[in-house]
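For reference, the structure is listed below as structure tokens.
Count residues from 1 along the sequence. Computed over heavy atoms, backbone and side chain alike; hydrogens, waters and symmetry mates excluded. Predicted model only: the values in this text are computed from it and were never measured.
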Amino acid sequence: MGWIEAAVLGLVQGLTEFLPISSSAHLRVVGEAFGWGDPGAAFTAITQIGTEIAVLLYFRHDIWRIIKAWVRALYDREARGDHDARMGWLIIIGSLPIVVLGLLFQDRIETTFRDLRIVAIALVAFSLVLYVADRIGRTDRELTDLTVKHGLAYGLAQAMALIPGVSRSGGTITAGRLLGYSRVAATRYSFLLAVPAVLGAGFFQSYEALTGDTEGAGVAWGPTILATVIAFGVGLAVIAWLLRYVSRRSFTPFVVYRIALGLLLLALVGAGVLDPT
């Protein structure tokens with residue numbers, strides 16, 4: 001991987017990670033469109049470390065408060081009813097599905113699921129689900145109403161993003177809207193829920209790349225680090241913008257964009273312009 005390629009893909013990662021349009025799909029599509037090929041699941045996971053560090057920085061006060069309350073609740077019975085302590089447990093519970101399914105389907109995630117035909121179908125199909133959820137979903141629930149059942153539902157939706165094109169943020173936001181959470185609440189929880197799962201995947205792929213165990217052994221570390229740094233800076237700006245956006249507007253523009261991109265991909269693959277594999 002060259003430096004220019006890494007810079008472009010880092011920019012794409014930062015722009016798309018938090019929007020409900022699938023960053024992994026965009027990395028796959030942009031790499032193919034420029035003739036660079038698939039950057040790979042390892043590159044995708046490692047660059048996501050940059051965007052998750054942006055989440056840690058932006059939500060540092062919330063995250064620190066949750067960690068302190070959760071740790072205190074481990075030994076202080078009276079603290080167990082605290083909302084932040086419960087949030088700590090709900091984030092852990094919500095992270096379990098993607099960890100389990102990620103390990104079970106690791107080989108397919110790095111190969112089969114990255115087929116452009118699957119990416120295109122996922123983009124279109126889950127766009128429609130997001131549209132329906134955003135239109136019919138109630139908006140009267142906030143994060144203080146989060147339950148274990150809801151946290152697990154969010155987690156299962158997040159795990160669907162193991163298929164590029166689904167979108168991790170899109171899946172969790174869709175689940176939140178279907179459960180009746182406001183757009184802002186669903187989006188904020190999507191950010192928080194991503195931290196352990198995405199950082200875990202990134203560091204796991206980094207370890208495998210360093211030890212040369214799998215496909216990650218082909219990672220070009222210099223360009224990949226550059227892409228990760230760019231993704232961090234761009235992602236930080238996108239977080240602030242997205243939270244302002246969802247407080248006033250719907251997700252419909254993202255739905256339209258996803259459908260258009262998915263149909264275009266199917267057309268290009270069908271015409272033989274892009275190699276789906």
Side-chain angles (χ1 to χ4, degrees), residues 16-25 41 44-45 48 51-52 55 66 70 86-110 112-114 118-119 121-202 204-205 242 246 251 254-255 258 262:
T16 60
E17 170 65 18
F18 304 119
L19 304 180
I21 57 177
S22 181
S23 62
S24 56
T44 301
Q48 284 176 334
T51 44
E52 289 315 304
V55 172
I66 290 169
W70 181 80
R86 289 183 64 253
M87 181 61 72
W89 282 114
L90 289 168
I91 290 172
I92 292 172
I93 291 169
S95 300
L96 294 178
I98 198 169
V99 172
V100 173
L101 293 176
L103 291 173
L104 287 176
F105 295 100
Q106 183 182 357
D107 291 339
R108 292 191 178 184
I109 292 167
E110 296 176 352
T112 308
F113 291 167
R114 300 184 72 82
I118 294 177
V119 172
I121 292 170
L123 279 167
V124 174
F126 283 90
S127 306
L128 300 176
V129 180
L130 173 59
Y131 179 79
V132 171
D134 196 39
R135 288 292 176 178
I136 70 171
R138 293 157 43 198
T139 58
D140 57 343
R141 284 178 172 158
E142 300 298 332
L143 291 186
T144 50
D145 301 311
L146 198 60
T147 64
V148 171
K149 186 182 295 185
H150 289 176
L152 189 57
Y154 268 105
L156 289 170
Q158 177 175 250
M160 293 295 294
L162 293 170
I163 302 173
V166 172
S167 171
R168 188 204 55 75
S169 60
T172 52
I173 289 170
T174 299
R177 298 294 290 125
L178 286 173
L179 292 169
Y181 289 85
S182 70
R183 293 188 181 104
V184 173
T187 303
R188 288 182 70 88
Y189 188 60
S190 174
F191 285 131
L192 296 174
L193 187 60
V195 173
V198 177
L199 286 181
F204 176 73
Q205 289 285 3
L242 183 60
V246 298
F251 292 105
F254 300 113
V255 170
R258 285 175 57 110

#### Entry: Flag, side chain of Thr16 to backbone of Ser22, donor-acceptor distance under 3.5 Å
no
### Task
Could you tell me whether the side chain of Pro97 reaches within less than 4.5 Å of the side chain of Leu152, counting heavy atoms only?
yes
### Message
Show, in sequence, the C-alpha distance, side-chain angles and deciding distance for Thr174 and Phe126, and conclude whether the side-chain contact (heavy atoms from CB on, under 4.5 Å) test is met.
### Response
CA-CA 9 Å; Thr174 299; Phe126 283 90; over 6 Å; no
### Message
A side-chain contact here means heavy atoms from C-beta on lying under 4.5 Å apart; do Asp134 and Arg183 qualify?
### Response
yes
### Query
Hey, does the side chain of Arg141 reach the backbone of Leu179 with a donor-acceptor pair shorter than 3.5 angstrom?
yes
### Task
Sort and list the pairs that fulfil ring pair (Phe, Tyr, Trp, His ring centres under 6.0 Å) and have at least one residue in residues 86-105, not counting sequence neighbours.
Trp70-Trp89
### Message
Whether the side chain of Ser95 engages the backbone of Ile91 through a donor-acceptor N/O pair (distance < 3.5 Å, no angle test) should be reported.
### Response
yes
### Task
State which residues pass ring-ring contact (aromatic ring centres under 6.0 Å, His included) with Tyr181; sequence neighbours excluded, sorted by chain then number.
His150, Tyr154
### Message
Rounded at 0.5 Å granularity, tell me how far CG in Leu162 sits from CG in Leu103.
### Response
10.0 Å
### Query
Which pairs pass salt bridge (charged side-chain N to carboxylate O under 4.0 Å, His left out) with one or both residues in residues 149-174, sequence neighbours excluded?
Glu17-Arg168
### Summary
Applying ring-ring contact (aromatic ring centres under 6.0 Å, His included) to Tyr131 and not counting sequence neighbours gives none
### Task
Return the set of residues passing salt bridge (Lys or Arg N to Asp or Glu O under 4.0 Å) with Arg114 (not counting sequence neighbours), or none when no residue passes.
Asp38
### Query
Is the backbone N or O of Val166 less than 3.5 Å from a side-chain atom of Arg258, with the two atoms forming a donor-acceptor pair by type?
yes
### Message
Applying salt bridge (Lys or Arg N to Asp or Glu O under 4.0 Å), can you list everything that pairs with Arg188, at least two apart in sequence or on another chain?
### Response
Asp62
